[in-house]
Amino acid sequence: VQLQASGGGLVQVGGSLRLSCAASGRTDSLYTVGWFRQTPGNAREFVAAFRRSGSMTHYATSVKGRFTISRDSAKNTVTLQMNSLKSEDTAAYYCAASRSRMIQSSVSVDSMYEFWGQGTQVTVSS
């Protein structure tokens, strides 16, 4: 499985960006897809996740109500729509996927994901 993240860029506070994570390879075996972000010197932080079982979505408290994760199964793509961006959203964003049918409490744990895409930088300027 290969993951390709795209869509990052520079945006002003209050603006929007749409990140995409395109999966290739044995994508039918993927049950959980997540987005994480990381700033220099800090640990990777959970942002959002999509579980195929029941099409469940999960969000970090800091992004709930502003970010939306969705899956396009026909295109093997998971997108992260980010609205009302804040300066603290500035980070490198990574998509990740797992063949595990995770329980809700596991989706925010980065070590649970086997596959990772390269990061895409999001910079929110004030």
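Residue pairs meeting the salt bridge (Lys or Arg N to Asp or Glu O under 4.0 Å) criterion with at least one member in residues 87-98, sequence neighbours excluded: R37-D89, R66-D89.
No chain of hydrophobic side-chain contacts below 4.5 Å, direct or via other Ile, Leu, Val, Met, Phe, Trp or Tyr residues, connects L80 to F46. The hydrophobic clustering, which links ILVMFWY residues whose side-chain heavy atoms are closer than 4.5 Å, places V122 and F67 together. Under the 4.5 Å side-chain heavy-atom criterion for Ile, Leu, Val, Met, Phe, Trp and Tyr, F115 and V109 are members of distinct hydrophobic clusters.
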Inset, instruction - Go through L30 and V1 one step at a time and tell me if the side chain to side chain contact (heavy atoms under 4.5 Å, CB included) criterion holds. - result: CA-CA 9 Å; L30 300 177; V1 173; 3.8 Å; yes
Inset, instruction - Quick one: do M112 and S98 satisfy side chain to side chain contact (heavy atoms under 4.5 Å, CB included)? Show the steps, please. - result: CA-CA 7 Å; M112 294 294 293; S98 174; 5.7 Å; no
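Between S55 and F50, the shortest heavy-atom distance links the atoms CA-CZ, 3.8 Å. Among all heavy-atom pairs drawn from V63 and V47, the shortest one is CG2-O, 3.5 Å. A pairwise comparison of heavy atoms in W35 and C21 identifies CZ2-CB, 3.6 Å as the closest pair. Between T32 and S100 the shortest heavy-atom distance is OG1-O, 3.0 Å. Of all non-hydrogen atoms in Q38 and N42, the two that sit nearest each other are NE2-O, 2.9 Å. Across every non-hydrogen atom of S108 and S105, the tightest pair is OG-O, 4.0 Å.
Listed for the T27 side chain is no donor-acceptor partner under 3.5 Å among the backbone atoms of S24.
Ring centers of W116 and F36: under 6.0 Å apart, within the cut-off.
Note that CD of E45 is 5.0 Å distant from OG of S62, once rounded to the nearest 0.5 Å. The distance from atom CZ of R44 to atom OG of S111, rounded to the nearest 0.5 Å, is 9.0 Å. Here the NE2 atom belonging to H58 is positioned 10.0 Å from the CE atom belonging to M102, to the nearest 0.5 angstrom. Here OH of Y113 is found 8.5 Å from OG of S106. Values are rounded to the nearest 0.5 Å.
Side-chain contact between L19 and T120 is present, with at least one heavy-atom pair separated by less than 4.5 Å.
Defined by atom type and a distance below 3.5 Å, a donor-acceptor pair is present between the side-chain atoms of S29 and R99.
Here the rule is side-chain contact (heavy atoms from CB on, under 4.5 Å) with V33, and of V78, T77, V107 only V78 fits it.
Environment of CZ in R101: sparse, with no more than 12 heavy atoms of neighbouring residues, nucleotides or ligands closer than 6.0 Å.
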Can you give the donor-acceptor pairs under 3.5 Å from side chains of residues 68-75 to other protein atoms, not counting sequence neighbours?
residue: S70; atom: OG; partner: T79; partner atom: OG1; Å: 2.8
residue: D72; atom: OD1; partner: A74; partner atom: N; Å: 3.1
residue: D72; atom: OD1; partner: K75; partner atom: N; Å: 3.2

Pairs of donor and acceptor atoms involving the side chains of residues 3-18, under 3.5 Å and at least two apart or interchain, shall be tabulated with distances.
residue: S16; atom: OG; partner: N83; partner atom: OD1; Å: 2.9
residue: R18; atom: NH1; partner: Q81; partner atom: OE1; Å: 3.0

